[in-house]
Amino acid sequence: MPANLPPQYFETERKLKTAKTPQEKIIILEELLSLVPKHKGTEKLQALLKTKIAKLKSAAQKKPALAKHAPTFHIDKAGAGQIVLIGPPNVGKSMLIKSLSNANPEIADYPFTTRIPYPAMMKYENIQIQLIDTPPITPEYMEVWHSELIKEADGILFLLDLSSQNPPDIMRALLAKLNEKKIELIADERTIPSGVQFFYKKTLIVANKKDLPSGEENFNILKKVLESKFNLIPVSARRGDGLEYLKKRIFSLLHIIRVYSKIPGKKADLNDPYTLKKGSSVMTMARVVHKDFAQKLKYARIWSKNKYQGQKVNRNHILEDEDVIELHI
Ligand SMILES: Nc1nc2c(ncn2[C@@H]2O[C@H](COP(=O)(O)OP(=O)(O)OP(=O)(O)O)[C@@H](O)[C@H]2O)c(=O)[nH]1
Ligand SMILES: [Mg+2]
């Protein structure tokens with residue numbers, strides 16, 4: 001019986017030749033398997049594809065965690081914080097980076113377009129936040145450097161594709177994969193549990209491709225399943241929906257505040273904030289401005305959006321976002 005393979009099968013088969021990692025090959029072979037019409041004439045081909053997938057999967061699992069010459073991709077932090085974008089293949093991670101920054105990463109409609117991490121800077125009001133595009137993660141395989149990158153990040157954006165088959169299942173599988181690497185993603189407002197068992201990482205779920213048919217409907221389904229654990233933000237990286245709101249949420253994910261230093265008698269430079277951890281005091285700011293200031297600090301004057309207009313505060317006063325501070329020594 002003839003196999004009658006669809007033309008799409010042969011197009012996908014061509015991609016197999018350029019696939020470099022076992023992970024890429026598995027995805028392409030699984031795609032091929034889904035394209036094969038299921039009847040007697042294709043039984044041999046189906047079996048062949050399944051064997052190839054099984055072999056690659058078991059080889060990937062046997063691979064030692066740290067190969068002798070494993071590549072490393074540490075990226076130095078820049079700007080007010082470092083956010084790492086992760087997710088399954090083809091969900092639009094690179095397109096989101098492109099839409100949020102001036103970077104120009106490769107974007108394509110096939111999986112594994114991104115092969116190495118790629119840093120970019122996103123402007124948020126008067127600060128810059130570093131975003132890192134990464135290759136996709138699959139339940140089968142994840143590079144050691146990939147988990148290291150996640151462990152070092154100040155926050156995670158986990159992207160899902162609203163037009164894909166079953167985002168909650170994909171997500172569950174990837175969360176389990178991350179757990180294997182001792183990483184636990186948690187909602188941004190949750191307190192980090194004590195104990196050293198896991199690297200807890202504050203995470204926002206970004207549900208992309210809202211512009212595609214049923215995007216909104218699929219988002220509501222996804223939200224119902226995941227909202228007890230995570231905050232979800234619907235966006236279209238391509239059309240731009242939700243991106244301004246996403247930027248605000250990325251800023252809050254970092255748990256930082258911006259404070260401006262002011263010299264007596266002069267205006268503060270509102271384009272040049274110091275970024276400090278939420279909960280920082282006047283003393284922390286003094287230390288960042290200059291170590292002499294910290295030692296000699298007597299008091300500070302504070303101006304804030306709604307509350308203060310030059311009142312004196314002591315060194316333990318807790319600062320809020322956009323406070324203006326005059327340090328007196
Ligand atoms: N309709 C629609 N398509 C999108 C959107 N974002 C990305 N895409 C498309 O989805 C495909 C994958 O986009 P990429 O940005 O390369 O996805 P990725 O997650 O970086 O993929 P990998 O690097 O392979 O993991 C491309 O064809 C994009 O044009 C979106 O918001 N809407
Ligand atoms: Mg990419």
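Counting starts at 1 for both ligands and their atoms, following the listed order. These values consider heavy atoms only, across backbone and side chains, with no hydrogens, waters or symmetry-generated copies.
Residue pairs meeting the side chain to side chain donor-acceptor pair (under 3.5 Å) criterion with at least one partner in residues 291-308, sequence neighbours excluded, are Y299-H328, K305-E322.
The existence of a salt bridge linking K25 and E140 is excluded, since no basic side-chain nitrogen approaches an acidic carboxylate oxygen closer than 4.0 Å. Between E11 and R14 there is no salt bridge, since no side-chain nitrogen of the basic residue lies less than 4.0 Å from a carboxylate oxygen of the acidic one.
Y245 pairs with exactly one of K247, K248, R249 by the side-chain hydrogen bond (donor to acceptor under 3.5 Å, both in side chains) rule, that one being R249.
At least one side-chain heavy atom of L327 sits less than 4.5 Å from a side-chain heavy atom of V282.
Listed by chain and number, residues touching ligand 1 at under 4.0 Å (heavy atoms only) are P89, N90, V91, G92, K93, S94, M95, I107, A108, D109, Y110, P111, F112, T113, T114, P136, N208, K209, D211, L212, S236, A237, R238.
Judged purely by distance below 3.5 Å, without hydrogens or angles, the side chains of Q130 and D154 never pair a donor atom with an acceptor atom. N90 and D161 share no donor-acceptor pair across their side chains, judged by distance under 3.5 Å alone.
Partners of T284 under the side chain to side chain donor-acceptor pair (under 3.5 Å) rule, at least two apart in sequence or in another chain, are S281.
Excluding waters, the set of protein N, O or S atoms lying under 2.8 Å from the Mg ion (ligand 2) comprises S94 OG, T114 OG1.
Cluster membership check: F230 does not share its hydrophobic cluster with L159, using side-chain heavy-atom separations under 4.5 Å among Ile, Leu, Val, Met, Phe, Trp and Tyr.
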